[in-house]
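Each chain gets a letter, A, B and so on, in the order its sequence line appears, and its residues count up from 1.
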Number of protein chains: 2
Amino acid sequence: MAKTKIPTPGKPVRGSESGKPVMALIDLMGRRWILRILWELRGEPLTFRALQEACGGVSPSVLNGRLGDLREAALIEATGDGYGLTAMGRELGKEFEALTHWAEKWAKVLK
Amino acid sequence: MAKTKIPTPGKPVRGSESGKPVMALIDLMGRRWILRILWELRGEPLTFRALQEACGGVSPSVLNGRLGDLREAALIEATGDGYGLTAMGRELGKEFEALTHWAEKWAKVLK
DNA sequence: TCCTGTTGCTACGATTTCAGTAGCAAAAGA
DNA sequence: TCTTTTGCTACTGAAATCGTAGCAACAGGA
């Protein structure tokens, strides 16, 4: 069960009363581990423990909270084999992959 | 002056030793207000105070910290008229705009 | 010059979130 | 039955964030 409020499109979120979907997305993505979890799940589903390890040993309490967030956001779901992306989650992951290419360029510029 | 460590592609970041650019990006974007600031600066440059107001009254200490992060990441710069996106920053903003469309669909699915 | 307003920040205490470890109940093998 | 694995909760201390106050520098205006 998530202890924090879940950002929901159409409802006000932290720092914005507009209810615009992008604000809910910004709120959600701005939480630590959310992006990392989505990233680690881009392939096949992972068990809780596997996911924890993939995320560099994130504490289970935080991980569990984030899994709750992501489940309420309908981006991941618990399957028989652990946690996996939903259709929406996979789509978001694909969008995010475009950012990977940007990040490569960014790395070159920065160094 | 930023008090937190800046995620840099090529160097280990929070939760990842790989040094992959995408990990640095995930680390950076996973900090509260980072995405929001980039979003609010997508148009014209804003002064510190204007940006603060645009971000729903975020505390100046945090805002200042994030501005430092973003400057070190070469995504924003201080111009004469306040803070504005760099070329890289504007590019990232464009990538992120694709996510706006995704968020619209997400909103429909969720409700 | 003095007054007033704006701007970019710093300081600081209170609150929230995160990290790190320990451990437990349920399920799965062996 | 005995042992592992799995999913998760509990707890404590550290770190990040919030919210407010306020200050120095600069820009008019009177």
Using whole Å, report how far CZ of B:Arg31 lies from C1' of C:dT16. 18 Å
B:Arg31 side chain to B:Leu28 backbone, donor-acceptor under 3.5 Å: no
Taking D:dA21, D:dC18, D:dT9 as options, the one with an atom nearest any side-chain atom of A:Pro60 is D:dT9
Would you say C:dT10 has OP1 or OP2 under 4.0 Å from some side-chain N or O of B:Asn64? yes
Are any of the side-chain nitrogens in A:Glu40 or A:Arg36 under 4.0 Å away from the carboxylate oxygens of its partner? yes
Selection: residues 74-81 of chain A, any non-hydrogen atom under 4.0 Å of DNA chain C: none
What contact category does A:Thr47 fall into here, base, sugar-phosphate, or nothing, at under 4.0 angstrom with non-hydrogen atoms? sugar-phosphate
Looking at A:Arg32, does any N or O in its side chain come under 4.0 Å of the phosphate oxygens OP1/OP2 on C:dA19? yes
Can you check whether B:Ile37 reaches B:Leu70 side chain to side chain, under 4.5 Å on heavy atoms? yes
Short side-chain N/O contact to D:dC18 OP1/OP2 from B:Trp33, under 4.0 Å: yes
Rounded to whole Å, the CG-P distance (B:Asp27 to C:dC18) equals 13 Å
In whole angstrom, what separates A:Leu63's CG from C:dA19's P? 11 Å
If I take atom CG from residue A:Asp81 and atom CD from residue A:Glu44, how far apart are they, to the nearest 0.5 angstrom? 9.0 Å
Protein-nucleotide distance (B:Leu51, atom CG; C:dC9, atom C1'), rounded to Å: 13 Å
Closest to the B:Ser59 side chain: D:dG7, D:dT17, D:dG19? D:dG19
Could you state the atom-to-atom distance from CZ of A:Arg36 to C1' of C:dA19 in whole Å? 15 Å
Could you say whether A:Phe48 or B:Arg49 is positioned toward the 5' end of DNA chain D, judged by the nucleotide with the nearest heavy atom to each? A:Phe48
Where the side chain of B:Ser61 is concerned, which of D:dC18, C:dC9, D:dC8 is the nearest nucleotide? D:dC18
Quickly work out the A:Gln52 CD to C:dA22 P distance and round it to whole Å. 13 Å
Closest heavy-atom contact between A:Trp102 and B:Met88? NE1-O, 3.4 Å
The criterion is salt bridge (Lys or Arg N to Asp or Glu O under 4.0 Å); which residues satisfy it with B:Lys94, sequence neighbours excluded? none
Does C:dC18 have OP1 or OP2 under 4.0 Å away from a side-chain N or O of A:Arg66? yes
May I ask you to test the A:Arg42-A:Phe96 pair for a side-chain heavy-atom distance under 4.5 Å? no
Which nucleotide, D:dG7, C:dC18, C:dC9, lies nearest any side-chain atom of A:Tyr83? D:dG7
Whole-Å distance between C:dA19 C1' and A:Glu53 CD? 17 Å
